[in-house]
Amino acid sequence: MRQVAKRIASEAFARASAENGWNETAGISIDITTPKEEKFGDFSCNVAMILASRLKSNPRAIAEKVAEQMRGDEIVANVEVAGPGFINMTLKPSAWASALGEVFTAKDGFGKTNDGNGKKVIVEFVSANPTGPLHIGHGRGAAFGDSLARVLKFAGYAVHREYYINDVGLQMDNLGRSTLERAREVHGLPFGEPAYKGEYMKDIAREFLAREGDGVLNLPPEEALARSRAFTAGSILDGIRHDLAEFRVGFDEWFSEESMHKAGSVNNLIDLLLKSGHIYENEGALWLKTDDSGDDKDRVVKRANGPTTYLAADIAYHKDKLDRGFDIMVDVWGADHHGYISRLKAVIAALGADPDRLATRLVQIVNLKRGGELIAMSTRSGVFTTLREIMDEVGVDATRFFFNMRSADSQMDFDVDLAKKQSDENPVYYIQYAHARCANIFVTALDKGFAKSASPENEPLSQLERPAELKLVKKLLKFPDVVSSCASALHVHPVASYLLDLAGVFHNYYKHNRVVTEDAELTRARLVLVDAARMVFRSGLDLLGVSAPERM
RNA sequence: GCGCCCGUAGCUCAGCAGGAUAGAGCAACGGACUUCUAAUCCGUAGGUCAUUGGUUCGAAUCCAAUCGGGCGCACCA
C-alpha cells in the first residue's frame with residue numbers, strides 16, 4: 001500500500017514540477033513514511049521541505065501545490081499540509097478494504113516481496129569450530145542467521161545457507177590429543193592435562209575407544225592422533241548438527257575447510273596471488289597486502305615454518321563463494337571478530353571483486369540473567385552455558401524469539417526467568433496467543449455456520465470501514481514494508497517488533513469487537529480480516545522460527 | 001596507544017537513509033471476566049536521549065571532542 005501512496009505522490013510531484021517550472025528537482029526521491037500519529041493520516045511525505053532549500057522558497061507553499069495535485073486521485077480521501085511542510089495523505093476506507101482482499105490473491109503468499117529479484121545470496125553463519133558444543137552466543141548467531149536467511153528468501157532472494165567447518169589446524173590437533181589423553185585416563189594409564197577440558201570430552205574418549213578398540217593407544221602417535229582427531233571432530237559436529245536441527249536451523253551445505261586443502265585450492269590461490277602481486281614474501285613468510293583497504297597492516301597467509309594460516313583458507317573459501325556466483329555474501333560472525341572485517345574486504349578486493357558484495361553482520365555477546373543476577377559469558381573464565389541447556393530449559397520458541405527480539409549488534413541480557421515464564425510477562429506468548437485466538441474464532445464461526453470463505457476478496461469487505469477495523473487493516477498491510485526494510489538492512493528484529501505491535505492492535509480489536517455475530521454480512525467481512533491477521537502472524541512467526549499454535 | 005560496537009523511562013530495549021508532542025515490554029499504581037480463550041483489555045505514573053560543541057529551517061539520529069561500558073589489535077582459529 002505504501003507503494004501505491006508513493007506512486008500517487010510521485011506523479012503529483014511530477015505534475016506540480018511541470019506546472020510551476022521547478023527545475024532543481026534532480027535527484028530528489030519521494031520518500032513516503034507512516035507518521036507515528038494517526039491524526040497525521042495514513043502516509044506522509046517530506047519532499048516539499050527538501051525542495052524548499054533548493055528553491056529558496058516557502059516549504060508550505062510548495063507542499064500546497066503538490067498536495068493540490070494529489071487531491072485528484074480517486075482513492076485519496078484527504079490531503080493536508082501540516083507542520084513545517086509535511087504533506088499528509090489519507091486514503092479512502094474503501095481503498096484499504098479492497099487492498100485487504102488482495103492479501104489473499106497474492107501469488108506467493110502475503111508479505112512476500114520481490115526485492116531480491118532472484119539474486120543469489122549466501123548466508124554463512126554459526127561456523128563454530130567443532131571443538132565443543134554450541135554455547136548461547138552461537139545460539140544467538142544461529143537464530144539470527146537462520147531468520148535472516150528466511151527473511152531474504154521471503155523478500156525474493158535465492159538464498160543459500162552455509163556452515164563453514166574449521167576442521168584443520170592446530171586446534172584440531174589439540175582436540176585430537178585431548179581425546180587421547182582422556183582415553184589414557186579411562187584406562188588408568190598416565191595422562192597429560194588435555195587442552196579441551198570439558199566433561200563431554202570424557203564421553204567422546206569412551207566412544208572413541210569403543211569404536212577403535214583399546215589397541216588404538218598403541219598405534220604410532222601420528223596414526224593415533226589422526227584417528228582421534230577425525231573421530232572427535234565428527235562426533236562433536238554430529239552433536240552440533242543435532243542441536244541446530246532441534247533449534248530449527250538448517251543448512252544447505254556444510255563446507256569443510258579440509259576439503260579445500262585436500263584439493264590444493266589454498267596453495268594454488270596463494271600462487272596466483274603471488275603472481276598478481278597481492279601476496280609477497282618477507283622474512284620467510286608470505287604476506288597478503290591489505291593496508292590500502294582499511295586494515296592497519298599486512299597479514300601472514302603462510303608461516304615461515306610452512307603451514308598456511310586461517311586467513312589463507314578464508315581467501316580460498318571466499319574465492320569459492322565468488323566462483324559459485326553469489327551476488328551477495330553475508331557473513332555472520334561473533335562480535336569479537338570485528339577486527340577481521342577490513343581484512344576480508346581486502347581479500348575480496350584482491351580477488352578482483354567489489355568488496356561491497358561482502359556484507360558482514362556481527363552478533364554481540366549474550367549475558368544470562370538468572371534471579372536478577374547477571375552471569376557474564378566468557379570463554380576466558382570458562383563460564384558458558386550451552387545452547388542445548390537453554391533450549392531444554394526455556395524451549396525453542398522463547399529462545400529464538402528472545403534472540404531475535406533485539407538488534408543483533410547490541411549486547412543483550414537474556415533473562416532466563418522471564419523467558420521461561422508461561423505468562424503474560426513473556427512477549428512471545430502475547431503473539432502466539434493472538435494467533436491462537438484467530439484460529440479459535442474460526443472454530444466458533446464454523447460452529448455457527450460460517451465456513452471459511454473460498455474467495456475472501458469477494459466478501460463484503462466494504463463492511464470494514466469503521467475505525468476499529470481500519471486500524472487493523474492498515475497495520476496488516478504494513479507487513480510487506482517490514483519485510484522489505486529488513487531484507488535491505490539485513491535485520492531481523494523489526495519483524496519481532498512489528499508482530500508485537502500487530503498483536504497489540506489485534507487483542508484490542510478482539511476485546512472490543514465481536515467477530516461472529518448475528519449480522520451475517522459483517523461477520524463474513526470480519527472473518528476475512530481475522531484470516532488475514534492469522535496469515536500474517538503465522539508468516540511473521542515463521543520468519544523468526546517460532547511456532548504458531550492453533551490453541552493455547 | 002590505535003580501531004570497532006554501545007550509552008534513550010526503575011529494568012530490558014526499539015527508534016539512528018535528520019522531520020511533527022521520543023516509543024514498547026516488564027516492574028509500580030488503579031480498573032474490567034454472564035461474551036469468539038483474562039496467556040487478554042482499559043487507564044495512571046515514569047525522560048537533561050551520557051556530556052559539550054558543531055552542521056541546518058529542523059538532531060536521539062550526522063560530525064568532532066570528552067566521560068563511562070564491552071570487544072578487538074597473532075607467523076591462533
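No experiment lies behind these values; they were computed from the predicted model shown. Convention: sequence-line order gives letters A, B, ...; per-chain numbering from 1.
No salt bridge links A:D314 with A:R299; every basic N to acidic carboxylate O contact stays at or beyond 4.0 Å. A:K321 and A:E124 are joined by a salt bridge, as a carboxylate oxygen and a charged side-chain nitrogen come within less than 4.0 angstrom of each other. Residues A:D417 and A:R370 are not paired through a salt bridge, judged by the lack of any N-O separation under 4.0 Å between the basic side chain and the carboxylate.
Around the NZ atom of A:K478, the shell of radius 6.0 Å holds no more than 12 heavy atoms that belong to other residues, nucleotides or ligands. Remark: A:E38 CD is loosely packed, at most 12 non-hydrogen atoms of other residues, nucleotides or ligands lying under 6.0 Å away. No more than 12 heavy atoms of other residues, nucleotides or ligands shown are found within 6.0 angstrom of CZ on A:R551.
When rounded to the nearest whole Å, the span between NZ of A:K475 and C1' of B:G23 equals 12 Å. Atom P of nucleotide B:A39 and atom CG of A:L418 are separated by 17 Å, given to the nearest angstrom. Rounded to an integer number of Å, the gap from CD of A:E550 to C1' of B:A39 is 17 Å. Counting to the nearest Å, the C1' atom of B:U12 and the NZ atom of A:K369 are 6 Å from each other. Computed from coordinates, the A:K478 NZ to B:G15 C1' distance equals 12 Å when rounded to whole Å. Atom pair A:L499:CG and B:A14:C1' shows a separation of 14 Å (rounding to whole Å applied). B:C33 atom C1' lies 12 Å from atom OH of A:Y510, rounded to whole Å. With rounding to whole Å, A:I365 atom CD1 is found 17 Å from B:U12 atom C1'.
Straight-line distance between the C1' atoms of B:A50 and B:A9: roughly 15 Å, to the nearest whole Å. Between B:C4 and B:A65, the two P atoms lie 10 Å apart (nearest whole Å).
In this structure, A:G83 and A:H491 both approach RNA chain B, and ranking their closest nucleotides by distance from the 5' end singles out A:H491. Residue-to-nucleotide proximity on RNA chain B shows that, of A:K39 and A:F414, the 5′-proximal contact is made by A:F414.
At the heavy-atom level, A:M49 lies under 4.0 Å from base atoms of the strands shown. Among the heavy atoms of the strands lying under 4.0 Å from A:A436 is at least one base atom, whether or not backbone atoms are also near. Nucleic acid contact class of A:A82 (heavy atoms, under 4.0 Å, all strands): base. Among the heavy atoms of the strands lying under 4.0 Å from A:S44 is at least one base atom, whether or not backbone atoms are also near. Among the protein residues, A:K448 comes within range of no part of the nucleic acid, since none of its heavy atoms lies under 4.0 Å from any strand.
The shortest distance between the side-chain N/O atoms of A:N508 and the OP1/OP2 oxygens of B:C42 is below 4.0 Å. Contact check, A:H493 against B:G15: a side-chain N or O comes under 4.0 Å of OP1 or OP2. Distances shown here put every side-chain N or O of A:K511 at or beyond 4.0 Å from the OP1 or OP2 atom of B:A32.
If you check B:A32 for Watson-Crick or wobble pairing at under 3.5 angstrom, you find it paired to B:U40. Both distances falling under 3.5 Å, in either a Watson-Crick or a G-U wobble arrangement, place B:C4 opposite B:G70. Base-pair partner of B:C76: not found among the strands shown (Watson-Crick or G-U wobble, both distances under 3.5 Å). Figure legend. B:A24 is base-paired to B:U12; pairs are counted as Watson-Crick or G-U wobble with both atom distances under 3.5 Å. A 3.5 Å limit on both hydrogen-bonding distances identifies B:G54 as the Watson-Crick or G-U partner of B:C62. Look at B:G18: it lacks any Watson-Crick or wobble partner with both distances under 3.5 angstrom.
Between A:I390 and A:F414 the shortest side-chain heavy-atom distance falls below 4.5 Å.
In this model, no donor atom of one side chain and acceptor atom of the other lie less than 3.5 Å apart for A:E80 and A:N88.
With distances taken from any side-chain atom of A:Y430 to the nucleotides B:U40, B:A39, B:C36, the minimum falls on B:U40. Comparing atom distances between the A:R437 side chain and each of B:C41, B:U40, B:A17 picks out B:U40 as nearest.
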Shorter than 3.5 Å, N or O on both sides, protein versus nucleotides 74-77 of chain B: list them out with atom names.
{"from": "B:C75", "atom 1": "O2", "to": "A:A304", "atom 2": "N", "distance (Å)": "2.7"}
{"from": "B:C76", "atom 1": "OP1", "to": "A:R303", "atom 2": "NH1", "distance (Å)": "3.1"}
{"from": "B:C76", "atom 1": "OP2", "to": "A:R303", "atom 2": "NE", "distance (Å)": "2.3"}
{"from": "B:A77", "atom 1": "OP2", "to": "A:Y310", "atom 2": "N", "distance (Å)": "2.9"}
{"from": "B:A77", "atom 1": "O2'", "to": "A:N129", "atom 2": "OD1", "distance (Å)": "3.3"}
{"from": "B:A77", "atom 1": "O2'", "to": "A:N129", "atom 2": "ND2", "distance (Å)": "2.5"}

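Smallest separation of non-hydrogen atoms from A:P494 and A:H491: CD-CB, 3.8 Å.
The aromatic ring centroids of A:F403 and A:F144 lie 6.0 Å or more from each other.
In this pair, A:F537 and A:F506 present their aromatic rings perpendicular. The plane angle is above 60°, beyond the 30 to 60° band.
Stacking annotation: A:F40 is stacked on the base of B:A20 (ring centroids less than 5.5 angstrom apart, interplanar angle below 30 degrees).
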In the 5'-to-3' direction, what one-character label does each nucleotide of nucleotides 3-10 of chain B receive under the scheme B = base within less than 4.0 Å of a protein heavy atom, S = sugar-phosphate only, - = no such atom? BBS-----

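At a cut-off of 3.5 angstrom, the base of B:A20 holds at least one donor-acceptor pair with the side chain of A:N88. The base of B:U12 is paired with the side chain of A:R406 by a donor and an acceptor separated by under 3.5 Å.
Under a cutoff of 6.0 Å and an axis angle of 45°, A:K452 and A:F442 form a cation-pi pair.
With its glycosidic angle within 90° of 0, B:A17 is assigned syn.
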